[in-house]
Undergrad: 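Below is one structure. I have some questions about it.
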Amino acid sequence: MPELPEVETTRRGLEPLVRGATIGSVVVRNRAMRQPVPRDLARILTGRRIDALERRGKYLLFRAGDGTLIVHLGMSGRLWVVTPGTAPATHDHFDLALDNGHVVRLRDPRRFGLVLWQRGDPLAHKLLRAIGPEPFSNAFNAEWLYRETRSRSGAIKNAIMDSHLVAGVGNIYASEALFRAGINPKLPARRLGPARCVALVETVRATLADAIAAGGSSLRDYVNSKGEAGYFQNNFSVYDRAGKPCLTCGTTIRSLVLGQRSTFYCPRCQAR
DNA sequence: CGCCAGGCCTGCACGC
DNA sequence: TGCGTGCAGGCCTGGC
């Protein structure tokens with residue numbers, strides 16, 4: 001469910017509740033995530049202080065002394081805070097009980113998410129090492145996008161969803177950013193000129209920033225760390241709007257499949 | 001019942 | 001040969 005804005009919304013909600021707290025106990029109810037949850041995670045975490053909650057791409061990083069608890073929410077994950085004693089529901093796989101009275105709980109029905117422990121620098125972990133620039137960093141710029149797309153014959157939408165090119169852009173925001181830039185999602189990436197690279201960097205950032213400001217998008221049951229729904233889904237220009245009129249020109253929004261993912265665009269505003 | 005869903009890794013085929 | 005790229009498959013459950 002979560003793309004970068006939803007993960008960032010979660011991080012911002014949780015950070016003040018967990019920073020500086022000490023982990024009192026850990027409950028793992030189901031270790032079978034995308035990778036198995038480490039068997040000795042409770043032993044490792046208990047008694048540790050959470051120094052900071054950071055984000056890299058769609059990964060949440062609980063910095064704790066000489067290591068980091070890495071959490072990825074996959075397709076259906078949600079991380080929020082409950083009060084001690086709150087009965088776990090089905091798919092509540094993981095709890096972190098803090099000494100400040102908060103219990104951080106992970107729910108992930110599809111279990112495409114991850115819970116990992118990394119000693120030392122978390123960015124050295126194999127899964128994080130290869131991730132491309134953060135979309136709001138200077139490293140993600142038009143020159144980078146231009147260079148990185150020269151050898152790619154595949155669709156531009158697939159390119160910007162590649163976490164090695166830019167971190168955090170998922171299926172929804174890829175369609176939205178391309179709409180804002182007036183770029184057809186099927187356009188071969190290598191055919192994107194310098195000017196359109198400038199435009200796309202700008203709209204990727206603006207789309208993600210607007211979604212974060214709205215508290216993320218609430219598709220299905222996505223809620224933030226306080227259980228509140230985001231409302232960016234009300235601001236979608238094209239995502240999930242096939243058959244409806246383009247809000248800019250009135251042309252019927254179309255959908256197609258690119259890279260096995262549903263894609264939405266306006267055939268007039270994004271003619272090429 | 002079948003189909004679809006917000007992620008992303010792996011393995012394979014292919015071309016330079 | 002080695003590397004980058006492109007694609008399919010797989011991991012799971014829930015909702016329509």
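In what follows, chains are A, B, ... by sequence order, proteins preceding strands, each numbered from 1.
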Undergrad: Are there over 12 heavy-atom neighbours, none belonging to A:Arg268, within less than 6.0 Å of that residue's CZ?
TA: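 Not more than 12 within 6.0 Å, no.
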Undergrad: Check the phosphate of B:dG6 against A:Tyr173, side-chain N and O only, distance under 4.0 Å to OP1 or OP2. Yes or no?
TA: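 No.
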Undergrad: Suppose we define a pair by two distances each less than 3.5 Å, Watson-Crick or G-U wobble; what does C:dG15 pair with here?
TA: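 Paired with B:dC3.
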Undergrad: Take A:Val169 and A:Leu4 through the side-chain contact (heavy atoms from CB on, under 4.5 Å) test and state the conclusion after the steps.
TA: CA-CA 7 Å; A:Val169 179; A:Leu4 186 149; over 6 Å; no
Undergrad: Could you give the CE-to-P distance, from A:Met161 to C:dG6, as a whole number of Å?
TA: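 It is 14 Å, rounded to the nearest whole Å.
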Undergrad: Test side-chain contact (heavy atoms from CB on, under 4.5 Å) on A:Arg34 and A:Leu127; report intermediate values, then the result.
TA: CA-CA 12 Å; A:Arg34 196 170 92 215; A:Leu127 294 176; 4.2 Å; yes
Undergrad: So if I take every side-chain heavy atom of A:Ser151 and compare against C:dT5, B:dG7, C:dG14, which nucleotide ends up nearest?
TA: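 The answer is C:dT5.
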Undergrad: So what does A:Ser163 hit on the nucleic acid, given a heavy-atom distance under 4.0 Å: a base, only sugar-phosphate, or nothing?
TA: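 Contact class for A:Ser163: none.
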Undergrad: Just checking A:Gln260: base, sugar-phosphate only, or nothing, at a heavy-atom cut-off of under 4.0 Å?
TA: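 Base: the residue A:Gln260, judged by heavy atoms under 4.0 Å, touches a nucleobase.
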Undergrad: Tell me whether the OP1 or OP2 atom of B:dG6 has a side-chain N or O from A:Ser262 closer than 4.0 Å.
TA: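 Checking A:Ser262 against B:dG6: at least one side-chain N or O falls below 4.0 Å of OP1 or OP2.
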Undergrad: Between P on C:dC11 and CZ on A:Arg31, what's the gap in Å once rounded to a whole number?
TA: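 For the pair A:Arg31 CZ and C:dC11 P, the rounded distance is 18 Å.
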Undergrad: Can you check the A:Glu6 CD to B:dG7 C1' distance for me, whole Å?
TA: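 Roughly 12 Å, once rounded to whole Å.
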Undergrad: To the nearest Å, give me how far apart CZ (A:Arg152) and C1' (B:dC16) are.
TA: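 Rounded to whole Å, this separation is 17 Å.
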Undergrad: Tell me which residues in residues 116-137 of chain A lie within less than 4.0 Å of DNA chain B, going by non-hydrogen atoms.
TA: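 Heavy-atom contacts with DNA chain B come from A:Lys126, A:Leu127.
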Undergrad: Between atom CZ in A:Arg150 and atom C1' in C:dT5, what is the gap in whole Å?
TA: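 The distance from CZ of A:Arg150 to C1' of C:dT5 comes to 15 Å, rounded to the nearest Å.
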Undergrad: Compare the ring of A:Phe112 with the six-membered ring in the base of B:dC8 and state whether they stack (centres under 5.5 Å, planes under 30°).
TA: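 The base of B:dC8 is not stacked with A:Phe112 (the test needs centres under 5.5 Å and planes under 30°).
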Undergrad: Look at the side chain of A:Arg34 and decide which nucleotide, out of B:dC8, C:dG6, B:dG6, has an atom nearest to it.
TA: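 The closest nucleotide is B:dC8.
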Undergrad: Using atom C1' of each nucleotide, how far apart are C:dC11 and B:dC1 to the nearest Å?
TA: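 Between the two C1' atoms, the distance is 22 Å.
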Undergrad: Could you tell me whether the side chain of A:Arg110 has a donor or acceptor atom within less than 3.5 Å of a complementary atom in the base of C:dC12?
TA: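 For A:Arg110, whose side chain was compared with the base of C:dC12, there is a donor-acceptor pair (under 3.5 Å).
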Undergrad: Assuming nearest nucleotide by heavy-atom distance, tell me which of A:Ser153 and A:Met33 is located more 5' along DNA chain C.
TA: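 Comparing both residues, the 5'-ward one is A:Ser153.
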Undergrad: Out of B:dA5, B:dG7, C:dG14, which has the shortest distance to the side chain of A:Glu3?
TA: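 In terms of side-chain proximity for A:Glu3, the closest of B:dA5, B:dG7, C:dG14 is B:dG7.
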Undergrad: Measure the distance from CD1 on A:Ile172 to P on B:dG7 and round it to the nearest whole Å.
TA: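 My rounded result for the distance is 7 Å.
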Undergrad: Under 4.0 Å: is that the gap between some side-chain N or O of A:His91 and OP1 or OP2 of C:dT13?
TA: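 No, A:His91 has no side-chain N/O under 4.0 Å of OP1/OP2 on C:dT13.
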Undergrad: Given atom CG of A:Asp240 and atom C1' of B:dC4, what is their separation to the nearest angstrom?
TA: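 Result: 11 Å.
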Undergrad: Can you tell me which residue among A:Thr248, A:Asp210, A:Thr203 is in a side-chain hydrogen bond (donor to acceptor under 3.5 Å, both in side chains) with A:Arg180?
TA: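 Output: one option passes, namely A:Asp210.
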Undergrad: In this structure, are over 12 heavy atoms from other groups packed under 6.0 Å from A:Arg150 atom CZ?
TA: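 Yes.
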Undergrad: If I pick the P atom on C:dG9 and the same atom on B:dC3, what distance separates them, to the nearest angstrom?
TA: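 Taking atom P in both B:dC3 and C:dG9, they lie 14 Å apart.
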Undergrad: Is it the case that more than 12 heavy atoms not belonging to A:Asp66 sit under 6.0 Å from its CG atom?
TA: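 Yes.
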Undergrad: Within a radius of less than 6.0 Å around CZ of A:Arg191, do more than 12 heavy atoms belonging to other residues, nucleotides or ligands occur?
TA: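 Not more than 12 within 6.0 Å, no.
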Undergrad: Classify A:Arg261 by what it touches in the nucleic acid, base, sugar-phosphate, or nothing, heavy-atom distance under 4.0 Å.
TA: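 A:Arg261: base contact, heavy atoms under 4.0 Å.
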